[in-house]
Number of protein chains: 2
Amino acid sequence: MSHTAKNLISNLSVDCVVFGFRNNRLEVLLIKRKRNPIKERWALPGGFILADETLDDAAIRILEETSNVKNIYLEQVHTFGAVNRFPARRVVTVAYFALIDPEKHSLKPGIDTTDAQWFNVTETKGMPFDHDDILNKALIQLRQSVRFKPIGFELLPIKFTLTHLQTLYESIIGMHLDKRNFRKKILKTGLLIPLEEFQKGVSHRAAQLYKFDLHKYKKLVKNDYSFQI
Amino acid sequence: MSHTAKNLISNLSVDCVVFGFRNNRLEVLLIKRKRNPIKERWALPGGFILADETLDDAAIRILEETSNVKNIYLEQVHTFGAVNRFPARRVVTVAYFALIDPEKHSLKPGIDTTDAQWFNVTETKGMPFDHDDILNKALIQLRQSVRFKPIGFELLPIKFTLTHLQTLYESIIGMHLDKRNFRKKILKTGLLIPLEEFQKGVSHRAAQLYKFDLHKYKKLVKNDYSFQI
DNA sequence: ATTTCTTAGTGTTAATTTTACAATATGGTT
DNA sequence: AACCATATTGTAAAATTAACACTAAGAAAT
């Protein structure tokens, strides 16, 4: 109803795997639809593409419409085209992953959704359609990407401690990292700016805060330099 | 005409970037269409998806139909959805890259194509639609993939010399490699089987032939081992 | 105010990997 | 027999990675 007037492309959809870092764990945003075919089941936010928007634009719009999430990092993952992945008719879907800092976005269900919540990535089995596969593929790509692009910072507040950053990397790649080696390596990239500011309200020694040097990163990318964690 | 009876999905296509290694260079397969909108221009082989085939199947069929190329390595690259990428109407295309050994496939234009030929990757500028972008993206992904997956072997005959293999890697990543270091590294993967056979018909010392150990590779993949060139 | 608790912060050494580099071997051609 | 082209092989220096444990700071508890 909300879309039919907008000239949507009914056999092409976008599904988004939105990752967030909460409670020191990697979590994923799921929504509940008001209507069939997946009424009242948790699923990836998704929707059909409009005739006059690009795929990226569709992903951005869908995230805003279903859960009030805006202005985020987006990366196309894969296009899923199994013949019967959608029961009613043939629908091919382009999967994206998105990264946000959950603190910065208050989830609000949209016109077509009854709920939007964060779930631990390990507790999402049993989603409708091929959403389990999509999440899995997005997770694999996130693990790849995070080692070669500084996308980890998208999941953190602007100011963060090195321990935060390390915990984030650990929760994405699923391995423990050595504290001293991690710090050496991440500082050597030159992409972190130490601030004259420290954690507050903690009952132990306060850690120094850092921020990501976006300017320097853009220069590096332009000059084809690369880094690796 | 050839397709309309087959229930095709008219807003979803597949385009294929077929790489081959010929004359010690990386080349790409282009075709010429009989009909508009790109009659008589060199372009990537592509076509619409049928209602009852997956995206991968569409890519396989299209390659066979347009140029008689069968049984090849395929990898999905990216889905291109700029609103006006196709002039007549909205068409989103899923791009694949494919790897073949040109010696193993004799190119034959299909029912809808007048010609199919190999081009050096640097000589393809000016293709219709967004095919230049697609080729570029495929090339970037090939360069990534070739370092982490043993896909280089897909481009060579079953039996090859280490110099062949090195030249192939060099032409893909666009850098000169040290001969001794390359050999050490590639042999250390354990994925090459030396044969008791040598080059023939060369007017200099004949090089030993090797083949790729597919069996061992499958075991490695299953056990999550990885390698890197 | 002393002790306790929790996390922050830091350097060195050994092991491994990467890089740089050149002489001899083989087989066909002249 | 000399020549030519490519094949084949090892070592040492440099760089990177991996392993590892103590002191510092600040709040909370006694």
Side-chain angles (χ1 to χ4, degrees), chain A residues 21 23-25 143 146-148 150 152 156-157 159-171 173-211 220 225-229, chain B residues 21 23-25 143 146-148 150 152 156-157 159-171 173-211 220 225-229:
Chain A
F21 188 58
N23 311 322
N24 279 345
R25 289 190 318 204
R143 286 185 181 135
V146 82
R147 302 196 51 206
F148 299 100
L156 291 177
K159 302 172 183 181
F160 50 85
T161 69
L162 295 184
T163 301
H164 279 148
L165 188 59
Q166 181 177 347
T167 312
L168 169 60
Y169 271 87
E170 288 176 337
S171 71
I173 65 180
M175 289 197 326
H176 172 75
L177 301 171
D178 179 85
K179 189 198 250 195
R180 280 174 287 191
N181 293 339
F182 177 78
R183 283 166 184 237
K184 262 180 285 181
K185 201 164 196 174
I186 201 90
L187 289 173
K188 204 172 52 151
T189 65
L191 293 173
L192 291 192
I193 302 173
L195 304 173
E196 299 301 312
E197 241 179 295
F198 292 80
Q199 268 184 317
K200 276 184 187 135
V202 288
S203 72
H204 53 77
R205 179 174 175 182
Q208 188 169 16
L209 296 174
Y210 289 78
K211 67 176 188 180
L220 287 182
Y225 289 118
S226 76
F227 75 103
Q228 188 176 340
I229 302 295
Chain B
F21 187 58
N23 311 323
N24 278 346
R25 289 191 316 205
R143 285 186 180 134
V146 82
R147 302 195 52 206
F148 299 100
L156 292 176
K159 302 171 183 181
F160 50 84
T161 69
L162 294 183
T163 301
H164 279 148
L165 188 60
Q166 181 177 348
T167 312
L168 169 60
Y169 270 87
E170 287 176 338
S171 70
I173 65 179
M175 290 198 326
H176 172 75
L177 301 172
D178 179 86
K179 192 196 250 196
R180 279 175 286 192
N181 294 339
F182 177 78
R183 284 167 183 238
K184 262 180 288 182
K185 202 164 194 174
I186 201 91
L187 289 173
K188 205 173 51 153
T189 65
L191 293 173
L192 292 191
I193 302 173
L195 304 173
E196 298 301 310
E197 241 179 297
F198 293 80
Q199 269 184 317
K200 274 180 189 142
V202 289
S203 72
H204 53 76
R205 177 173 174 182
Q208 187 168 16
L209 296 174
Y210 289 78
K211 67 176 187 179
L220 287 182
Y225 289 119
S226 76
F227 76 103
Q228 188 176 341
I229 301 296

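In what follows, every chain begins at residue 1, and chains take the letters A, B, ... in the order their sequences are listed.
What you find for B:Thr161 and B:Ala207 is that their closest heavy atoms are CG2-CB, 3.8 Å. Shown here for A:Phe182 and A:Leu162, the closest heavy-atom pair between the two residues is CE2-O, 3.9 Å. A:Arg147 approaches A:Arg143 most closely through the heavy-atom pair CG-O, 3.4 Å. The heavy-atom pair separating A:Ala206 from A:Val202 by the smallest distance is CA-CG2, 4.1 Å. What you find for B:Gln208 and B:Leu195 is that their closest heavy atoms are NE2-O, 2.8 Å. Contact record, A:Glu170 with A:His176: OE2-ND1, 3.3 Å, taken as the closest heavy-atom pair.
Contact of A:Lys184 with C:dT12 (side chain to base): a donor-acceptor pair of N or O atoms is detected under 3.5 Å.
Sorted by residue number, the list of members of residues 189-197 of chain A with any non-hydrogen atom under 4.0 Å from DNA chain D is empty.
If you take CZ of A:Phe227 and P of D:dT16, they are 16 Å apart, rounded to a whole angstrom. Atom CZ in A:Phe198 sits roughly 14 Å away from atom C1' in C:dT7 (whole-Å rounding). As a whole-Å value, the separation of B:Asn24 CG from D:dT6 P is 11 Å. For the pair B:Asn181 CG and D:dA13 P, the computed distance is 16 Å after rounding to whole Å. Whole-Å rounding puts the A:Met175 CE to D:dA18 C1' distance at 12 Å. Taking atom CZ on B:Arg180 and atom P on D:dT6, their separation rounds to 17 Å, with Å as the unit. The distance between atom CG of B:Asp178 and atom P of D:dT9, rounded to the nearest whole Å, is 15 Å. Atom CG of A:Leu187 is separated from atom C1' of C:dT10 by 12 Å (rounded to the nearest Å).
Mapped onto DNA chain D by nearest heavy atom, A:Lys179 and B:Tyr210 fall at different nucleotides, with B:Tyr210 at the one closer to the 5' end.
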Legend entry - Derivation and outcome, side-chain contact (heavy atoms from CB on, under 4.5 Å), residues A:Ile229 and A:Tyr169: CA-CA 9 Å; A:Ile229 302 295; A:Tyr169 271 87; 3.9 Å; yes
Inset, instruction - Quick one: do A:Gln166 and A:Thr163 satisfy side-chain contact (heavy atoms from CB on, under 4.5 Å)? Show the steps, please. - result: CA-CA 5 Å; A:Gln166 181 177 347; A:Thr163 301; 5.6 Å; no
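Comparing C:dA8, D:dG10, D:dA7 by their nearest atom to the side chain of A:Ala207 picks out C:dA8.
Counting any heavy atom pair closer than 4.0 Å across all strands shown, B:Thr163 reaches sugar-phosphate atoms only and no base atom.
Checked by atom type and distance alone, the side chain of B:Gln199 never pairs as donor or acceptor with a backbone atom of B:Leu209 at under 3.5 Å.
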Inset, instruction - Produce a footprint string for nucleotides 22-30 of chain D: one letter per nucleotide, 5' end first; B if the base is under 4.0 Å from any protein heavy atom, S if only the sugar-phosphate is, - if neither. - result: --BBBSS--
